Amino acid sequence: MSYANLYEAPGPRGIRRNRVLAAVVALALLAIAYVVYVRFDQKEQWAAEKWLPLLRGDVWATFILPGLAGTLGAAVAGVVLAGLFGLVFATARMSDHRWIRVPAAMVVEFFRAVPLLLLIFFAFFGSFVLIGVNISAFAAVVFGLTLYNGSVIAEIIRAGVQSLPKGQREAAYAVGMRKGQVMRLVLLPQAVRAMMPALVSQFIVLLKDSALGLIVGYDELVDRGLNGIAANFSNVIPAAILIAAIFILINLSLDRLAHRLGAA
Amino acid sequence: MEALLFERDTILVAFWMTVRLTAVSALGSLVLGTVLAAMRVAPLASLRGAANVYVSVARNTPLTLVLLFTGLGIGANLGVELSDDIATNNFWLAVIGLTAYTSAFVCEALRSGLNTVPVGQAEAARSLGLGFVKTLRLITLPQAFRAVVAPLGSILIALTKNTTIALVVGVSEASVRMREMIETYGDQVIEIFLGFAAGFVLLCLPMGLLFGWLSKRMAVAR
């Protein structure tokens with residue numbers, strides 16, 4: 001998308017002025033980079049012993065890959081369960097029966113309003129009192145991810161169903177399908193397909209949110225990277241930059257996938 | 001219920017911190033997000049590129065990592081001190097992290113708002129002789145803001161909930177208080193959770209209503 005309508009195509013003078021401005025901007029960005037460089041340098045952040053460990057195979061094998069497995073494990077479990085939760089509650093919220101519709105709406109609105117971290121704390125620290133056993137950090141994280149993202153997914157799917165042409169439902173009834181079949185065989189598949197880009201964006205949110213696991217001691221990527229690696233090599237900043245790069249790489253690929261799915 | 005009543009003062013103090021974090025970060029994100037949105041539509045490729053990279057990085061990094069980076073990285077490792085008082089210092093580090101993260105979403109919302117402004121508006125402004133900055137400031141951005149009131153409201157609500165993560169830089173807000181209370185009053189877990197959840201609902205519900213009302217009021221009639 002270009003915003004060329006906000007400005008005239010520059011003439012000879014404008015081109016010259018833009019070149020000067022571009023140089024000024026480039027200099028300003030370089031100056032910022034230089035300040036960061038100097039600041040890093042003063043604190044010896046460029047020291048080889050801070051960066052080289054990130055290239056070592058054993059560092060990857062001990063910290064990064066297990067952390068990545070932890071992050072992806074929680075994210076996959078979260079996506080599957082939140083997807084199921086979303087399908088069930090989206091259907092329930094569109095029910096013809098008031099006694100199903102209203103409670104489902106309350107559940108969805110409640111879990112969308114509560115911070116995810118409170119849900120994780122509730123499950124992790126409250127589980128012993130509530131069910132008599134201490135649940136694992138993994139279970140607490142997945143619990144929170146499922147309820148919060150499941151509620152958001154329910155709303156995405158509901159919006160998808162509502163965006164479908166009325167004729168889809170009418171045609172399904174006309175060929176003799178029951179209510180459940182209309183929803184399951186005709187409306188939901190189309191809604192999920194139409195909302196795929198929004199769903200994938202929500203999965204990215206879920207993947208990022210799994211990093212909250214570190215607060216209850218779940219071994220995910222941010223924890224292994226920042227607390228694990230940095231504890232051994234005292235290289236918080238290089239480790240944080242590497243971890244961020246891994247997240248950005250995964251999320252940008254998911255984002256690209258979403259665009260491709262949306263285009264289909 | 002006794003625990004919530006008995007501790008109501010410390011709970012209010014914790015929520016006051018949540019409110020302050022939200023308010024200051026919201027203001028910062030609005031300013032930085034607007035600047036970023038302006039950069040992303042600027043005539044200079046270098047400005048567009050810089051804003052593009054910034055938004056991609058901030059949107060795709062977990063907020064937990066962003067806040068740990070401001071706390072451990074900028075605070076502890078680079079030794080940036082924003083205040084002599086450690087609590088104040090942590091507060092500002094949290095604000096920096098929350099602002100850095102949230103402004104990327106504000107930028108995205110504003111940019112989609114700019115897309116809703118008809119081309120003719122900018123063309124008319126240009127034909128009056130307004131340059132890029134004036135066109136943006138006087139004609140297109142005000143309309144974009146009015147178009148994205150509702151999404152900005154969602155971002156503000158998300159920010160309010162996200163302030164709970166400020167605990168990783170040592171800011172004692174609502175989530176910290178809830179954890180402490182669950183540990184102290186183990187027999188009242190459900191009440192405590194529902195109490196704190198209600199606190200967030202009370203904070204976010206009026207915001208949602210206000211922004212819903214504002215978005216209808218401010219909508220540009222076309």
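Not measured: the values here are computed from a predicted model. Labels below follow one simple rule: chain letters A, B, ... track the order of the sequence lines, proteins then strands, and each chain is numbered from 1.
Between A:Ala113 and B:Phe200, the shortest heavy-atom distance links the atoms O-CB, 4.0 Å. The nearest pair of heavy atoms linking A:Ala211 to B:Pro62 is CB-CB, 3.7 Å. Residues A:Gly126 and B:Val189 share a closest heavy-atom pair of CA-CG1, 3.6 Å. When every heavy atom of B:Asn60 is checked against every heavy atom of A:Asn251, the shortest pair comes out as O-ND2, 2.8 Å. In this structure, A:Arg39 and B:Leu78 approach most closely via the heavy-atom pair NH2-O, 3.4 Å. The heavy-atom pair separating B:Arg59 from A:Lys208 by the smallest distance is O-NZ, 2.7 Å.
Most heavy-atom pairs under 4.5 Å with chain A, from the set B:Gly186, B:Ala45, B:Cys204: that is B:Gly186. Among A:Asp255, A:Ile215, A:Leu249, A:Ile246, the residue with the largest count of heavy-atom pairs under 4.5 Å with chain B is A:Ile215.
The CG atom of A:Leu119 lies 12.0 Å from the OG atom of B:Ser175; values are rounded to the nearest 0.5 Å. To the nearest 0.5 Å, atom CZ of residue A:Phe121 and atom CD of residue B:Glu183 are 9.0 Å apart. For the atom pair A:Leu130 CG and B:Ile190 CD1, the distance stands at 5.0 Å (nearest 0.5 Å).
Within the 4.5 angstrom heavy-atom criterion, only side-chain atoms of A:Ile204, from C-beta onward, approach chain B. At a 4.5 Å heavy-atom cutoff, A:Ile250 makes no contact with chain B through either its backbone or its side chain. Using a 4.5 Å cut-off between heavy atoms, A:Phe40 contacts chain B through both its backbone and its side chain. Only the side chain of B:Leu44 comes within contact range of chain A, with heavy atoms under 4.5 Å apart. For B:Leu67, no part lies under 4.5 angstrom from a heavy atom of chain A. The part of A:Leu29 that comes within reach of chain B is its side chain, from C-beta onward, which places non-hydrogen atoms under 4.5 angstrom from that chain. Of the two parts of A:Phe111, neither the backbone nor the side chain holds a non-hydrogen atom closer than 4.5 Å to a non-hydrogen atom of chain B. Contact of A:Leu212 with chain B is made through backbone and side chain together, with heavy-atom distances under 4.5 Å. Residue A:Val222 touches chain B through its side chain alone, counting heavy-atom pairs closer than 4.5 Å. Using a 4.5 Å cut-off between heavy atoms, B:Gln121 does not touch chain A at all. Proximity to chain B (any heavy atom under 4.5 Å) is shown, for A:Leu221, by neither the backbone nor the side chain.
Among B:Met178, B:Lys161, B:Arg179, the single residue meeting the side chain to side chain contact (heavy atoms under 4.5 Å, CB included) criterion with A:Leu118 is B:Met178.
Applying the 6.0 Å contact sphere to CH2 of A:Trp46 captures more than 12 heavy atoms from other residues, nucleotides or ligands.
Under the 4.5 Å side-chain criterion, counting only non-hydrogen atoms from C-beta, A:Ile237 is in contact with B:Phe69.
Proximity to chain A among residues 162-173 of chain B is limited to B:Thr164, B:Ile165, B:Leu167, B:Val168, judged by heavy-atom separations below 4.5 angstrom.
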Residue pair A:Phe124, B:Ile182: steps toward the side-chain contact (heavy atoms from CB on, under 4.5 Å) verdict
CA-CA 10 Å; A:Phe124 190 67; B:Ile182 288 179; over 6 Å; no
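Aromatic ring pairs are classed by plane angle as parallel below 30°, tilted from 30° to 60° and perpendicular above 60°; the pair B:Phe193 and A:Phe122 is parallel.
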